[in-house]
**Q** 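Sending over a structure as structure tokens; questions will come in a sec.
All values below were derived from every heavy atom in this structure, side-chain atoms included, with hydrogens, water molecules and symmetry-related copies excluded.
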Amino acid sequence: MKISPKTKVSLIKLRESNNSNYRNSDIKNLNIVIKYLIKKNYKVIRITDHSSKKINFKNKNYSEINIENDYGRKIHAILLSFTNLFIGN
């Protein structure tokens, strides 16, 4: 996925582990939001880890980054510096 300074970027980071039924979210509930953002010319990037549920979402403007390694953590930090919209819990 190419990102330029003019690209609108949305990051999604949800708490999905099984530790708490009250604070966790299901990424499937955001499918409509992801589709809407892509329609509005956003690049949507989901931040994941080993507990993240897999979704079958295919689009050139959607990507996932695992932050359980140094590369993923560095990319995450860089993306946070110019993200237009952050969705998280």
Side-chain angles (χ1 to χ4, degrees):
M1 172 186 303
K2 286 190 173 185
I3 296 176
S4 72
K6 293 182 180 185
T7 303
K8 295 190 292 185
V9 176
S10 174
L11 286 184
I12 298 174
K13 174 64 176 119
L14 298 180
R15 179 187 168 121
E16 299 178 82
S17 67
N18 294 324
N19 296 337
S20 171
N21 291 332
Y22 301 108
R23 294 187 288 174
N24 292 340
S25 297
D26 189 341
I27 187 63
K28 292 177 184 175
N29 294 336
L30 289 181
N31 277 341
I32 293 171
V33 174
I34 293 169
K35 289 176 186 175
Y36 174 81
L37 289 171
I38 289 171
K39 185 177 178 181
K40 294 296 182 181
N41 298 316
Y42 276 84
K43 305 284 186 180
V44 178
I45 303 168
R46 178 180 174 214
I47 306 302
T48 65
D49 61 26
H50 72 278
S51 66
S52 300
K53 291 182 182 177
K54 306 295 181 206
I55 61 170
N56 189 17
F57 195 91
K58 306 283 186 209
N59 189 292
K60 67 179 182 175
N61 292 321
Y62 174 81
S63 183
E64 295 183 352
I65 296 175
N66 187 303
I67 59 168
E68 293 181 312
N69 58 54
D70 288 338
Y71 175 78
R73 285 188 289 273
K74 288 176 186 175
I75 295 298
H76 180 224
I78 293 167
L79 288 171
L80 281 171
S81 69
F82 62 87
T83 293
N84 301 91
L85 176 65
F86 181 84
I87 300 171
N89 65 342

**Q** Does the side chain of Thr7 come within less than 4.5 Å of Phe82's, by heavy atoms?
**A** no

**Q** Pair Leu30, Arg46 - check side chain to side chain contact (heavy atoms under 4.5 Å, CB included), show working.
**A** CA-CA 11 Å; Leu30 289 181; Arg46 178 180 174 214; over 6 Å; no

**Q** So, for Gly72 and Asn69, which heavy atoms are closest and what is the spacing to 0.1 Å?
**A** N-OD1, 2.6 Å

**Q** Starting at CD1 of Ile67, measure out to OG1 of Thr48 and round the result to the nearest 0.5 Å.
**A** 7.5 Å

**Q** Which heavy atom of Tyr42 sits nearest to which heavy atom of Asn84, and what is that distance?
**A** CE2-CB, 4.1 Å

**Q** How long is the gap from CG on Asn61 to OG on Ser10, to the nearest 0.5 Å?
**A** 12.0 Å

**Q** Please round to the nearest 0.5 Å and tell me the distance separating atom CG of Asn59 and atom CD1 of Ile38.
**A** 4.0 Å

**Q** Starting from the C-alpha separation in whole Å, work towards a yes-or-no answer on side chain to side chain contact (heavy atoms under 4.5 Å, CB included) for Ile65 and Leu79.
**A** CA-CA 11 Å; Ile65 296 175; Leu79 288 171; 3.5 Å; yes

**Q** If you compare all heavy atoms of Lys43 against all heavy atoms of Lys2, which two are closest, and at what distance to 0.1 Å?
**A** CE-O, 3.5 Å

**Q** Looking at Leu14 and Gly88, what are the two nearest heavy atoms and their distance?
**A** CD2-CA, 4.4 Å

**Q** Would you say OH of Tyr36 has more than 12 non-hydrogen atoms from neighbouring residues, nucleotides or ligands within 6.0 angstrom?
**A** no

**Q** Taking all non-hydrogen atoms of both residues into account, name the closest pair between Leu37 and Val44 and its distance.
**A** CB-CG2, 3.8 Å

**Q** Supply the atom-to-atom distance Ile3 CD1 to Lys6 NZ, rounded to the nearest 0.5 angstrom.
**A** 16.0 Å

**Q** Could you report the tightest heavy-atom contact between Ile47 and Ser52, atom names first, then the distance?
**A** O-OG, 4.5 Å

**Q** OH/Tyr62 to CD1/Ile34 distance, rounded to the nearest 0.5 angstrom?
**A** 5.0 Å

**Q** Taking the side chain from Lys8 and the backbone from Lys40, do they hold a donor-acceptor pair closer than 3.5 Å?
**A** yes

**Q** Supply the atom-to-atom distance Asn66 CG to Glu64 CD, rounded to the nearest 0.5 angstrom.
**A** 9.0 Å

